Amino acid sequence: MSTTPVSSAKPGASQARSKTAGRQETIWTVALAALLVVLLAYFYLAVPDFRSLGTSGVLALCEQFLFTGLIALGEAVVVLAGEIDLSTGAMSSLSGILMASLWQQGLNIWLATVLALFAAALGGALNGFLVTRFNVSSLLVTLGTQFIFGSVATAVGGNTPPYNFPRSFVTLVGTGTVGPVPDQLLVFAVVAVAAWLLVARTRYGRSLVLIGYNRAASRYSGIDVRRSLLWAFVASGLLAGMAGIFVSGYYNAARDDIGDSLLLPAITVVVLGGVDIFGGRGRMSGVILATFLLGFLTQGLLIRGDSSLTATMVTGVVLVLCLVLKVALDHRAWAQLRELLRHRVSGMGELRAGRGA
Amino acid sequence: VAMGATSAVTATPSPASAAGLATIKVAMVPKLLGLPVFEANQKGALSVVHELGISFKFTAPATASAEGQVSIFNSLIAQHYNVITLSADDPTVPVPVLQKAMKAGIQVISYDSDVAQSARDFFIQDTAYNTIAQGVIDAAVKFAGPNADVAIMSSTPDATIQLAWIGAMKSYIAARYPHLKIVTIGYGQSNQATSLSQAEGIIHSYPNVKAILPIDGAAVVGTAQAVAALHESGKIGVFGIGDPLPNQKYFADGSMQGLFLWNEVGQGKLTMLMARLAYEGAHGAPECTAKTPPAHPSPSQWCGIRTNYGRAQYFNGAAVGLPGTYSIAAKANKVSGATRNTVIFSKPLEFTRSNYKKYDF
Amino acid sequence: MTALSAPSAPSAPLRAGETGSGAKRSGPVLLGMLRRRELQLVLAILALGALSSALHPSFLASGNVSFILADSVSTMVVAVGQTIVVLGRGIDLSVSPVLGIAAIGVGFPAQDHNLSIFLALLIVLVIGMALGAGNGFLVAVVGIPPIIATLATLTIYGGLQFIFTGGQEVVNIPNAYGNLGNANMLPGVPWLIVVGAAVVAVVWFWLRRTVTGRSIYAVGNNADAAFRAGAPVRRILFLTYVVSGLLAGLGGLIYLCHVGSADATTGSDTNVNLMSIAAALIGGTTLLGGRGGPVGSALGAVFLSEALQAMIASRVPPIWEPAGVGALIVIAVITDRGATPARLLARRPFREPSHGPQ
Amino acid sequence: MQRPPAAVAPGARRYEAIGVSKSFDGANVLTDVSVTFEAGQVHTLAGENGAGKSTLLKIMAGVYQPDAGELHLGGERLAGLSPRSAQRRGIYLVPQEPALMGSLSVTENLFLGILRRGRMRTVDWAAMRREASAYLARVGLTVDPDARAEELSIAQQQLLECARALAHRCTTIFFDEPTSPLTAHEAATLFSVMRSLRTDRYSLGFISHRLDEVLQMSDRVTVLRDGRSVLSGDRSALDRASLVTAMVGRELTTRSRARPHLDASGAREVLAVNGLTARPQFEEVSFSVREGEIVGLAGLVGSGRTEIAEAVFGLRPVERGTVRLAGELLAHRNPRACIDAGLVYLPEDRGRHGIFADVDVERNVTAGVIPRLQRWGPLLRPSAERSMAEQATAQTAVRMASLGTLMRSLSGGNQQRAMLARWLLAGPRVAIFDEPTRGVDVGAKDDIYRLIGELAGQGLACLLISSELSELVATCDRAVAVYEGHVVGELQGADVTDANLGALVVGGTPR
Ligand SMILES: Nc1ncnc2c1ncn2[C@@H]1O[C@H](COP(=O)(O)OP(=O)(O)OP(=O)(O)O)[C@@H](O)[C@H]1O
Ligand SMILES: Nc1ncnc2c1ncn2[C@@H]1O[C@H](COP(=O)(O)OP(=O)(O)OP(=O)(O)O)[C@@H](O)[C@H]1O
Ligand SMILES: [Mg+2]
Ligand SMILES: [Mg+2]
């Protein structure tokens, strides 16, 4: 088909894409990377105990926050599509406990792991089903299923949750290393790259992002919104389940509440990673960087001798500062602020006078 | 009460005070910050670290979490602490990291709540499980008779010590009071509001219950409060395991009959002494093998305590102002709950309506 | 002049049905009322009570009933505050530490210096408002999405709560507090219920009969339209967080009076955040904003408290209690017809449309 | 009926914008524009999409601040105007999309911002309800004051906005494209309200892309082009041709058929809809479209055309009925299956259902063919995507800075072209165009219809939904009339006339 152009697009204009659409995301990602470098440099130079860890010691620190990163990757998939999953923490607990209990029943541990991951995906599918079938807020649905998964985990775990898994298992998902690099980090790298490819380079990822931007328009464009969302929740459940397995391996024990403390950090990572909580905008690379940024920040502060309370609060403060920075980066916001001030100054008296009349 | 105390307490001895002893870094890591039991431990520890030549740090997760403790242990290893003392939030989760610490030459001592034996050198048990369980049951029977219905209030279904206590109570009941019946176990989730609702629920749902036995700090207060609120004071007896201070009101108004507990402040002191001795033992000081160690040892007479199964060892608490001699269990003891390398701190104290005012913890 | 709908309305069933004429609403009044969440809840509360007492005759004993009521008041008050924020299309995840800080903020002076309860009331209100203002600043002035802003303050306020306790615990409150928290005003009518009812009534009146109250609904419905109608949108949003903080602070005092203690984990240990959201939600306030009200939330809180007691009474193993709450939330959500529009989360911070998209 | 509210002001004050300029993100949207609104006049702003009409009215209503220039109301200079202060001075903007608070009552929507208060300064619902009926009557709106605003039709909402202006005692009322979502009949009702306001010496501002309306309603017309005022004068001094020339900067061949009628009766039937039913929206709908044919679907707003189209495209469930594409039954009816089978649908509500405003044009254009971006392996191919988008946007002549431009920064007409480009990429056999020219300026309208004509010429079967009968007459080879969800008639070739269609769509019979 060809038609007479009424007027033509400017030639060569398509190169300008990165300058407009993705610019903010790029700036954000670069800023995160820079911040990470600055942070590591600071700890290395200013904290002797951190320096004395050596390369392998520093890399080993990762073992303590990569599961948060895994949950965050899954969470990011859901958030990109404009939803949220609050049940990921409970899901981690559940999958860890399930794996451990199955193993305790005599199942091969790897088989148990696969089954637990399957159950986690199923749990995610339940979330997705409730959200898409009844067309209701995922915030609320997952708020509810969070309790349910937690209860199931407690019930499965019983009084004395299993521990002391086979060596091969603990090595791979727990504390083993290849040279100075923890096995966990390698597994995480694989998952992270896969998640990044999924979102940035596949048809499914494209659908997901478009759904996040405008759900109705996606439907009208032939994207199967329900199915895509369902899979997003499955992905989130699966990655949360994987995190649960990692956690169990690292601690060499399963516990029914082990994931509870992972939810908020994971959401923090997602937001800090630059994913718009309303969906659409954001990059997996940002989430990955934010995992390391927050992780090293917390661990570094602890090694510096700060209390874990301080570390947690610093996390909150960093989050607020970054968000303020983000608003500031958004040059529209600046213009808006100027406009607002003008409004305020000139319109103040009137506004004050004004309710009644 | 001072608002604004810091959450990680650090105390460094002046070199002069620690005569002849190298200063060592000891960390005390309870389950979480802000729990009175652990604050009392800390108080005891702080009172003796000076003379023991200990550079002391008190740090814990903000909310009870085994993962939070693991992060802290990791950072303590990186900071080259000499001894880590901990009250384990979970017996198994910190095992790998504590083993890493031991491998790095750090002495690990658990107190209050033990970890797996493979992950610590010593455990300071509060008190023998059977002794404290018997105390509670005997007091309850004295109040309600040997045929009564009683209920237990615990924190969570998987709280290790509480499970042990419940077990000890059950075996004691089976042996001594076969007609005493435990009708239910309520779980207050370690917080007072839930404990209150649970206890209220129990009182309503089990009208025949004559005594409630709360064995967790929050459950104790919640139960007494439920009894008071429902005007059952004196009709339903409350006997439990907990500190007297938060319950003064209920002792006074008759909603609370008896509590059992060890001396938490003393336990903190003992933990620090143990830390010093374990360090000495690992660094060449002679073992404490004498049947009766010197009554008032000076630092130069101190001996170290080694991980050495199978041989009874003794040491004297006088160095930190504790009365008596402590023995280190050589092997596990089902009845008391002791395991290898366990020091049982003390017999429980009993708090009653007539003596509760004497205690400030 | 002709009505616009005249030519098509009588014929087009779609439109006529949707136009909600006066005749239509006066018809099945009872049916319409039955659709109201408040009434459904009252029925549910009664039904659950009847069921439980069939299982356990003592369930309806007057002591238990008033206990269920009294036990729900601190959640109720916080949930009412949460409702106000949600009506304005926000969410407040920091109510638990606000409650906790208020409780210890007056708990220690009360314990150590016998602080008078009126002064305590003043103090919790100030504390609550100050912390609420922090949220309001981040959401309404800086423009951070509410869920994120309050998530951040959750961590920060939570930390402050720990620091303020200094590891201590409030254990002995003066009798005046305890009496307020547990004594009855009339036989079977605890003081707390009176307090809770008063709060609900005041907030109901405020939301229904004052310009500011109505503006909250307007802003929650459509911030742009409200802005055009002259509502000071940012100020209203700010206010919702301040009031939510204030009521969370009041909830702290009620908690202190009722439970008699407070420490570093007060508020977070009983999951006040989730419970207040759950109560609001069960009470029919939708996260879309602009729809719902305090009465439903209060009933929701009572229902939650009753459901927990009913589970204890019917010997549901304690480990399944959270699942029960979770199931209630899920059921409330999927039966809430108001909540269908897709992107509930899409509560973007309000921006004056000076540069906004068309 | 209630007594109308106390007679309003003796007349609006003269409201002038003098030398107003405004730029967004460095792009000049308005340059040195002056315009005057007088009492007792309808002053129309005309111009192409993106000419700056809405922006000008928004500045005058206090929504935006001008970068330069002044606003004078009755000689008094206004500074730092906000929507609220504008309303307090009697200036009200009825936005293009009515912005109401859906779950609040009609009464409350009317009075928001000026809620009536009784004793103790609390809201006096009874008084407001009484007053509300009066204002509603004034604009001829017969709805329950307690009804929720979201229950009203778009037209009713528009009138509610108008009543709100009255309730706020505003005497200068701006209507930004009020008629684009309305039927001719509804528009006529609105116009009669506007006329009566004009008689009462209100000052009215008006924007419309429909030239007939502009010519019919205006007392004065100002034409904007590229943010400059290119013409300003009394209606009497203008005719259609001069208006169009001023707006577009060139002459247009207006309203004549661009292509001859096509008798496609011999051609292959590409789309066949049979007995499609989804009560109460529509029932037993049957029609067909042949290769190369443009079939109009005529009807009033609310007659159910969009519902039918959406059902055909698999967006809505149906009770029964079949859709066949080139003889083959569309079994799995969802948009994806339709697109893959060669059926596409250009939605009516572009902003909500069409564009991804915060996404670049490239990804907007390829959104309908995502599966095809992935021919080898699981990964997308950026270069292929780019060239596909480049080709399609060139075909439909989207005017934009680059493919990376955000969709939101395109003007309405160009957004519509990008939407067309999206569906061209799908290589359709049948296309359903639902109100393709809504909110699109005259020049772009012409282009879009020409484009549709060309596509039909290449064999595309087109189903065209439009509420402007004259557009159908000018474009279609055949027309199917829908009334209350039923197909009530079909007109062929030269029978497709304004008069015939007009009779059918209100349930009558053609002469
Ligand atoms: N908030 C904004 N930010 C950036 N650009 C804007 C904004 N508002 C309008 N524009 C741009 O300003 C130009 C004029 O817009 P305006 O809405 O005034 O046009 P219009 O004449 O009303 O067009 P239409 O007939 O399509 O409604 C357009 O190019 C538009 O993209
Ligand atoms: N009274 C109403 N209130 C709210 N929404 C309505 C009302 N009537 C119709 N709609 C919605 O407006 C949209 C337009 O559909 P409509 O029924 O007007 O069909 P149509 O014949 O395609 O009219 P047109 O395309 O000219 O608007 C539909 O999604 C419909 O649900
Ligand atoms: Mg416009
Ligand atoms: Mg339509």
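Owing to the predicted nature of the structure, the values given are computational and were not obtained by experimental measurement. Labels below follow one simple rule: chain letters A, B, ... track the order of the sequence lines, proteins then strands, and each chain is numbered from 1.
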| note | The residue among B/H50, B/Q42, B/K43 that forms side-chain contact (heavy atoms from CB on, under 4.5 Å) with B/L46 is B/Q42
| query | For the ring pair B/Y111 and B/F122, is the centre-to-centre distance below 6.0 Å? | reply | no
| message | Please determine whether the number of non-hydrogen atoms from other residues, nucleotides or ligands lying under 6.0 Å from atom CZ of A/F43 exceeds 12. | response | yes
| remark: A/T113 meets the side chain to side chain donor-acceptor pair (under 3.5 Å) criterion, sequence neighbours left out, with none
| task | Say whether B/T194 and B/Q189, considering side chains only, have a donor N or O and an acceptor N or O under 3.5 Å apart. | result | no
| Where B/F123 and B/D112 come nearest, the two heavy atoms and their spacing | CE1-N, 3.8 Å
| message | Please identify, among A/T154, A/L301, A/I303, the residue contributing the most non-hydrogen atom pairs under 4.5 Å to chain B. | response | A/I303
| Neighbours of chain B found in residues 244-264 of chain A - heavy atoms under 4.5 Å | A/Y250, A/Y251, A/N252, A/A253, A/R255, A/D256, A/D257, A/I258, A/S261
| task | Could you walk me through whether B/F58 and B/F38 pass ring pair (Phe, Tyr, Trp, His ring centres under 6.0 Å), step by step? | result | CA-CA 10 Å; B/F58 182 83; B/F38 298 126; 8.0 Å; no
| task | Sort by residue number and list every member of residues 47-57 of chain A having a non-hydrogen atom under 4.5 Å from chain B. | result | A/D49, A/S52, A/L53
| request: Determine the minimum heavy-atom distance between B/Q192 and B/G222, stating which atoms define it. | output: CG-N, 4.0 Å
| query | Are side-chain heavy atoms of A/V170 and A/P166 found at a separation under 4.5 Å? | reply | no
| said: Tell me whether B/K25 contacts the main-chain N or O of B/I84 through its side chain, where contact means a donor paired with an acceptor under 3.5 Å. | reply: no
| remark: What one should report as the nearest heavy-atom pair of B/A133 and B/W165 is CB-O, 4.0 Å
| query | Atom NZ in B/K31, atom OG in B/S87: separation rounded to 0.5 Å? | reply | 4.5 Å
| query | When only heavy atoms count and the cut-off is under 4.5 Å, which of residues 67-80 of chain B reach chain A? | reply | B/E67, B/V70, B/S71, B/I72, B/N74, B/S75, B/A78, B/Q79, B/H80
| said: Quick one about B/S154 and B/Q162 (side-chain donor to acceptor, distance below 3.5 Å, no hydrogens or angles considered), yes or no? | reply: yes
